[in-house]
Amino acid sequence: MQKLINDPDNYVDEMVDGMVSAYPERLTRVDDTKVLTRDSLIDGKVGIVTGGGSGHEPTHAGYIGDGMLDGAAAGEVFTSPTADELDTLAQACDTGEGVLCVVKNYEGDVMNFDTAAEMAEIEDVTVEQIVVDDDVAVEDSLYTSGRRGVCGTIFVHKAVGAKAAAGGSLEEVAAVGEKVIDNVGTMGMALTSCVTPAKGEETFDLGEDEIELGIGIHGEPGTERTDQLSAEEVGTHLTENVLDDLDPAAGTEVAVIVNGMGGTPLSELFIVNNAVQSTLEAHELDTWETMVGDYMTSLDMRGCSVTVCTVDDELKELFAAPADTPALTRAGDDE
Amino acid sequence: MQKLINDPDNYVDEMVDGMVSAYPERLTRVDDTKVLTRDSLIDGKVGIVTGGGSGHEPTHAGYIGDGMLDGAAAGEVFTSPTADELDTLAQACDTGEGVLCVVKNYEGDVMNFDTAAEMAEIEDVTVEQIVVDDDVAVEDSLYTSGRRGVCGTIFVHKAVGAKAAAGGSLEEVAAVGEKVIDNVGTMGMALTSCVTPAKGEETFDLGEDEIELGIGIHGEPGTERTDQLSAEEVGTHLTENVLDDLDPAAGTEVAVIVNGMGGTPLSELFIVNNAVQSTLEAHELDTWETMVGDYMTSLDMRGCSVTVCTVDDELKELFAAPADTPALTRAGDDE
Amino acid sequence: MSEDIHERQRPVVLEAINAVADRIESEQDHLTELDSAIGDADHGANLTRGFSSVREELEEIEDEPIDAIVKEVGTTLISNVGGASGPLYGGTLLTASQELTDGFTAESSVAFAEAYLAKVKDRGDATVGDKTMVDTLTPAVHTYKKSIEEDELPPLTALAKAVDAAERGVEYTVPLKAMKGRASFLGWRSVGHQDPGATSTLYILEELLAVAET
Amino acid sequence: MSEDIHERQRPVVLEAINAVADRIESEQDHLTELDSAIGDADHGANLTRGFSSVREELEEIEDEPIDAIVKEVGTTLISNVGGASGPLYGGTLLTASQELTDGFTAESSVAFAEAYLAKVKDRGDATVGDKTMVDTLTPAVHTYKKSIEEDELPPLTALAKAVDAAERGVEYTVPLKAMKGRASFLGWRSVGHQDPGATSTLYILEELLAVAET
Ligand SMILES: Nc1ncnc2c1ncn2[C@@H]1O[C@H](COP(=O)(O)OP(=O)(O)O)[C@@H](O)[C@H]1O
Ligand SMILES: Nc1ncnc2c1ncn2[C@@H]1O[C@H](COP(=O)(O)OP(=O)(O)O)[C@@H](O)[C@H]1O
Ligand SMILES: [Mg+2]
Ligand SMILES: [Mg+2]
Ligand SMILES: [Mg+2]
Ligand SMILES: [Mg+2]
């Protein structure tokens, strides 16, 4: 499988450079790290940071900017950043008001963020962590790692970013993050595996007529392999599963992401969206906003995920608030 | 090759529906056509429309909205819309100030737009056409079809959209469009062919270690097939070829698009961007703005194109002006 | 009297249209294959979409005079084909149909053929040797005209000769470098490939001949 | 005297670290293969990145006492591995190295092993049967402790027994449903696959034994 790369070992390093050279006025790289921060911090604002393995672009650093993140740490492809990088990140984004880390639930990320928080507190930086676990495909229990954090994280970034921009305290900002986490669910599927730069071939083999349901964003196989489904069946199945989990009352307003996994033509996502919307309608839900595109990817995987978040006035205001980042912009006046 | 589709014959129809159901407050579909227009026209503003084959999403309808397009017609995949749809489009977007059609150079599009213009004038709608032909890979001569119109069209949309929003007359709007056309060049490459929904297999075969240089956006083979190149070689080669054509003086400011063809991970585009920027620097050019992402795609093709546009104060102002469309947003205050 | 000729020719014309539609459908994959090599892999689909629509609309106009039927075929192709072949196959019929107010005669058929060719060249800004359908049409129309006007052959014989000439036109496109159409974007790489539009034009002529012969 | 033991053991410890690094590198593809099936195909790359860095930094600390060397290995793993295995392989050494202020003795090695296991279980919130490296470590540490403390066997023999036990731990992960780590996201589909972290833990123990035996 061909890729537009140089040395696979330098993949993340070069990507981070490429982001900075694309947006030199927006992004700054902390020397000798893969940590990116916004050009200049806003005094008195709670710092919002995140991080995780690379290969999910535009996640994470694509959401750095006004109204969303102050910084992000890039790990190796699909590998949590190391604790010292996360510590650097937290310290770099603190203006004295504390820092909120948005973590996608997985022990690797959680453990490294935990260690980083301990390291940062030694330097008198207050760090709060919220853990997103929106993947409804994964069985949740006290005895397991719980559910993965996937594309619902975008809604979390948007809400906490807006709250912090509006002057919210660390506690308040964390609280709106938790609110989104409580109200969001996602499920994904893949037509093909992705190809990591290191391995250079597909992570899992899929027959010509097979698909994977319940995949995450790390090229891991899903929870179920089935025969090929039509776009309509896929859209319906994913949405039904998410709604099953969220169980929103009829009449509830929802925000939706039909997310591409990196190798899916946008046209196909729009075709899937039809089924997503009719399923929502069938449940008498009211779509307040839909986003269709590549928001959290798995390299070049073909496939999609559907995220649904129930919204009230507070979340609508936060989601609609202005944002100006490479990957997501909200004018903030006409919604 | 698996795709997220239902019946391939309904591909475009369902995609257009999916766009409307994603952005019901932004887009309206003209009954019984594949024409999309913005929710409501702005009185006294020159209409800006475009169209072309489908499969290039977010091009075309993704750029409908404040500061860019008023409407777009979607043809079958890679096939120009028919003249009567283009006529409907022009009529739907006229407020009496005339309509500017942005056409990507290819006889199919040009001939259908020509016919549409004749049809529209019968209904007293003044239609001007500008033809984008930015693909430097194609040999240009009086005796050929000339160069293709590709990703440079995005800059044209942005400039004419901003000029029209600022109250420019049809003539003035067309003039800034021509100015962009005179100053923009693009070259593309592919690692793989795309797969059309109708054919279901790759349009051209490429060996594991081969790539195509000088491709367009319709799955046609390029002007040259070579051995695999690194991201650095690709970025340098494409940029050098574009600069060769534009031949800008040292010190010139440029706007840049590193465009993905639909199946390329964003991370790879950032890696390519490093080589693009160093090539620009080596030519002593000054990057004023860079856009990295999927702006004009070829379904699920893996590959990229590099677009360079030399900018002066007028173009910078137009490019930076506010825009609010599904695929491109400019806050318009902080550039 | 001129109504007579319309009545008389109508069944043949309708049969010819159906035959062309059948042929295009059965050659769809082959045409797309040719278009994959030097174009965008849709020529077969484009024409099939167009001629299927023509077939569906035929019922509504089957009582009209010949020129109206041909014109309607053109209109339907324009609004269903798109791409380059829509205007080239459709718009041309709109114009050329004007020569058929008295139906097909030896004379009017030459005028029709000439008008058609002129319109293709004009619309497409193409000339012989550009590796397009013009390469098929030009020798076919020239041969037809000379066979009728100079050699005073009956139209059927003239048409058969025209088809022969068209065949050579298709072959002729293979070694050419494309100057017009999508294939021109490939430059020298277009050499060695047969032009899809030139090929579909030959198929249409072959069907016209087959129906005329029966 | 306690300095003596550090001097004496240092070459063996350094050799063991090198041996582990070699082994991880040579098993990189296999570990990644295992991680492809139920994880994200990076366990081999993660550990290789970590242990290559350890090898490079060894020169700088090769005069330090044993506990400092082990601690530094942990620090280096933490800042180079990332993922789940970074904290699990690195953070644990940081803690457990505190048992080695007097170098490796029969006694301190048991304490070290117990501290290490406790820290993995704590960090990962994992228990036996969760299909993780804990399944390898637990029987190995239990066997080692009992061999030394109850059976009063020499450390080398105890270590050999521990490796045997560890092997069984690896096999044991195959039929289990994963409860922790990325494999847990697969639910029942994880059954039938061998855990990568359990496997790499065995390799490390095997290398420690091999070096101790020479
Ligand atoms: N400028 C032109 N003049 C004459 N014929 C042309 C021209 N451009 C294209 N054609 C013909 O049209 C054919 C391609 O038709 P088709 O594939 O349906 O349209 P598109 O190129 O828009 O995909 C070519 O093979 C060629 O014969
Ligand atoms: N919570 C946990 N407790 C103990 N071990 C774990 C835990 N999570 C993962 N592991 C171990 O880590 C291994 C995976 O490591 P690695 O692939 O390097 O990290 P990642 O899962 O972040 O990609 C698993 O095979 C398992 O043995
Ligand atoms: Mg990992
Ligand atoms: Mg076409
Ligand atoms: Mg074509
Ligand atoms: Mg892993």
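Reminder, nothing fancy here: chain letters follow the sequence lines and each chain counts from 1. On a predicted model such as this, the values are computed, not experimentally measured, just so you know.
- Here the shortest heavy-atom pairing between A/Glu107 and D/Gly124 reads OE2-O, 4.3 Å.
- Contact check on A/Glu139 versus D/Lys177 returns a salt bridge, with a Lys/Arg side-chain nitrogen under 4.0 Å from an Asp/Glu carboxylate oxygen.
- Between A/Thr223 and D/Arg189, the shortest heavy-atom distance links the atoms O-CD, 3.3 Å.
- A distance-only check finds no donor-acceptor pair linking the side chain of D/Asn46 to the backbone of A/Thr79 [under 3.5 Å].
- We find the NZ-OH distance between D/Lys180 and A/Tyr106 to be 11.5 Å, quoted to the nearest 0.5 Å.
- The side-chain heavy atoms of D/Met179 and A/Ser145, taken from C-beta on, include no pair separated by under 4.5 Å.
- Contacts with chain A were tallied for D/Thr32, D/Thr127, D/Asp42; D/Asp42 has the most, counting heavy-atom pairs under 4.5 Å.
- Neither the backbone nor the side chain of A/Glu85 comes within less than 4.5 Å of any heavy atom in chain D.
- Residue with the most contacts toward chain A among D/Asp125, D/Asp29, D/Ile78, D/Val81: D/Ile78 (heavy-atom pairs, distance under 4.5 Å).
- Contact annotation: the side chain of D/Arg123 approaches that of A/Thr115 to within less than 4.5 Å [non-hydrogen atoms, C-beta and beyond].
- Contact of A/Val77 with chain D is made through the backbone alone, with heavy-atom distances under 4.5 Å.
- At a 4.5 Å heavy-atom cutoff, A/Asp87 makes no contact with chain D through either its backbone or its side chain.
- When each of D/Ala84, D/Ala183, D/Gly83 is scored by its heavy-atom pairs under 4.5 Å with chain A, the top score falls to D/Gly83.
- Taking the side chain as every heavy atom from C-beta outward, D/Leu186 and A/Pro221 approach each other to under 4.5 Å.
- Heavy-atom distances place the backbone of D/Ala37, and not its side chain, under 4.5 Å from chain A.
- Around the NZ atom of D/Lys71, the shell of radius 6.0 Å holds no more than 12 heavy atoms that belong to other residues, nucleotides or ligands.
- In this structure, the portion of D/Leu88 lying under 4.5 Å from any heavy atom of chain A is its side chain and not its backbone.
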Stepwise side chain to side chain donor-acceptor pair (under 3.5 Å) check, D/Ser36 with A/Thr203: CA-CA 6 Å; D/Ser36 300; A/Thr203 305; 5.8 Å; no
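- Residues D/Pro87 and A/Met111 share a closest heavy-atom pair of CG-CB, 3.7 Å.
- Interatomic distance, A/Tyr143 OH to D/Ser184 OG, rounded to the nearest 0.5 Å: 15.5 Å.
- Among D/Gly181, D/Ala41, D/Gly90, the residue making the largest number of heavy-atom pairs under 4.5 Å with chain A is D/Gly181.
- The environment of A/Glu210 atom CD is dense: over 12 non-hydrogen atoms of other residues, nucleotides or ligands sit within 6.0 angstrom.
- Options D/Ala178, D/Ser79, D/Gly86 differ in how many heavy-atom pairs under 4.5 Å they form with chain A, and the most are formed by D/Ser79.
- In this structure, CD1 in A/Ile217 is found 10.5 Å from CG in D/Asp40, a value given to the nearest 0.5 Å.
- Both the backbone and the side chain of A/Arg225 come within contact range of chain D, each with at least one heavy atom under 4.5 Å from a heavy atom of that chain.
- Looking at A/Ala198, there are no atoms closer than 4.5 Å to chain D (heavy atoms on both sides), in backbone or side chain.
- For the pair A/Arg148 (side chain) and D/Phe185 (backbone), a donor-acceptor distance under 3.5 Å is absent.
- Without hydrogens or angle criteria, A/Glu220 side chain to D/Gly39 main chain gives no donor-acceptor distance under 3.5 Å.
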